[in-house]
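Read the structure below first, then the notes.
Below, chains carry the letters A, B, ... as their sequence lines are ordered, and counting in each starts from 1. From a predicted model like this one, the values you see are computed outputs, not experimental measurements.
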Number of protein chains: 2
Amino acid sequence: MGNTSNDSGPQTQARPGRGDSDRAYHHGDLRNGLLEAARAILEEQDLSALTLRAVARRAGVSHAAPYRHFPNHEALLVELGLEGFAELRHFIVDAGKVGGPESDRIANIGAAYMRFVAKRPAVARLMFGPQLPHREKFPALTVAADAIGTEIGAALSDPNLGLAVWAAVHGLAMLVLENVIDLGQRRSGLHVLPSRSEILLRSLFATKRD
Amino acid sequence: MGNTSNDSGPQTQARPGRGDSDRAYHHGDLRNGLLEAARAILEEQDLSALTLRAVARRAGVSHAAPYRHFPNHEALLVELGLEGFAELRHFIVDAGKVGGPESDRIANIGAAYMRFVAKRPAVARLMFGPQLPHREKFPALTVAADAIGTEIGAALSDPNLGLAVWAAVHGLAMLVLENVIDLGQRRSGLHVLPSRSEILLRSLFATKRD
DNA sequence: ATGATAACTTACCACTGTAATCATGTGGTT
DNA sequence: AACCACATGATTACAGTGGTAAGTTATCAT
């Protein structure tokens, strides 16, 4: 209450008036700056490069500054993982909107899942790997993960089938992501795989109820 | 080779004659000692606890001693991962020996897969996670992983179905392993799940060709 | 017994997460 | 306007990590 000139909430990038020093002592919105730096590292490098210190360096602050905004490294990872779950959920919801027989929706959702993993491999490793803390300590993670299963089930009119589809496409995605199997000609050619996996998924679920 | 009292080869545990110092300067068979220490850590703790220094401590040597036997940390992980793949392959081969309709073999292999992951969670994370180096640098890893797919396919008389089964059961196992989903009542109750997953797998593949 | 060498230890380096403490702005009160 | 409290940042420090280099010790071949 009583804010004279400031609307509520943190301003995204603009630093307040001073402007003579290139680097203000106060970043302005370091929390988002850190998240953005972290996202960039996950895109350009991989999960093992996502050090708290590297994030701080990239955001242009000292290596201890992040502790004013995240209690520890884990908390940063949780935040990024939640973002990943939200994006994946979006992919799935969109893919489930397709009409026609259920096998089309299955194949479409599977392809979308593969596309997400291909687009954000490091985020997928974070979401589904052991780096995230025990879900009990962060209920939001459980909620976000459950939402994936719920959306798949909702698009398929049968929760049991939803779980089966999730397991199948998730397994395929993880096996390909970690190079355990090699669909397609060039190894780690993750980006051409949605169509291939769509075929596989279709052959898996098509004859069942169609 | 005028060995007076010693037969050739490294003796497994017994240190040679001196016996007055409790800890001999030379371990005798440190390579296996390190592997055993590493296995123990994976059983009692988790993958993140498997530092090279912790392994060395547990084996009773200095933190630099392992480098006489493994070029780096990765190499130790590769060795343990290969052991894991061999054990999993054994599980699958045994499970595929069951007679009867193909759906029985599918369910049996799936349950065996889940049982392996439940028995060696940390090893499974190692085998299927990003900690292992790029498979190109260690062809043995590719061979061991391919063998899993081959065995599953061989037990099912159709390699395509084999890949589908692998993907489905692998996805289920990973989702449960990392607590993304929660089959069963108590969370992380990984050990009661083979039967539940067997039911799921059966419902997944039973109606197809049976 | 005596080198040569393999196996191990000690001492480093750069890096990490994290905590304690110091410095600097910013906003609200007088 | 002056001032102070507090949030936010910087510094410093510490224990732990993977890895390397150099020194030490035991074993082997001669």
Are the aromatic ring centres of Phe128(A) and Phe85(A) under 6.0 angstrom apart?
-> yes
Which atom pair, heavy atoms only, marks the closest approach of Ala118(B) to Pro121(B)?
-> O-CD, 3.5 Å
Name the residue closer to the 5' end of DNA chain D, choosing between Arg31(A) and His73(B) according to the nucleotide with the nearest heavy atom.
-> Arg31(A)
Closest-nucleotide 5' rank along DNA chain D - winner of Arg68(B) and Asn72(B) | Asn72(B)
Winner on side-chain proximity to Ala65(A), out of dA10(D), dG19(D), dC8(C), is dA10(D)
Of all the nucleotides listed (dG9(D), dA13(D), dT20(D)), which has the minimum atom distance to the side chain of His63(B)?
-> dT20(D)
Which part of the nucleic acid, if any, lies within reach of [X] when heavy atoms closer than 4.0 Å are counted: base, sugar-phosphate only, or nothing?
X: His69(A); value: sugar-phosphate
X: Ser62(B); value: base
X: Ala64(A); value: base
X: Arg57(A); value: sugar-phosphate

Can you tell me the distance, in whole Å, between the [atom1] atom of [X] and the [atom2] atom of [N]?
X: Leu34(A); N: dT8(D); atom1: CG; atom2: P; answer: 12 Å
X: Tyr67(B); N: dA6(C); atom1: OH; atom2: P; answer: 20 Å
X: Leu30(B); N: dT9(C); atom1: CG; atom2: C1'; answer: 13 Å
X: Leu52(B); N: dG18(D); atom1: CG; atom2: P; answer: 6 Å
X: Asp29(B); N: dA6(C); atom1: CG; atom2: P; answer: 17 Å
X: Arg53(A); N: dA10(D); atom1: CZ; atom2: P; answer: 13 Å

Apply side chain to side chain contact (heavy atoms under 4.5 Å, CB included) to Leu80(B) and Val123(B), showing your working.
-> CA-CA 8 Å; Leu80(B) 297 167; Val123(B) 176; over 6 Å; no
Kindly determine whether Arg31(A) and Glu79(A) satisfy side chain to side chain contact (heavy atoms under 4.5 Å, CB included), including the steps that lead there.
-> CA-CA 11 Å; Arg31(A) 186 169 208 278; Glu79(A) 191 96 0; 3.2 Å; yes
In plain terms, say whether Arg39(A) and Glu83(A) are close enough for a salt bridge, that is, a side-chain N and a carboxylate O under 4.0 Å apart.
-> yes
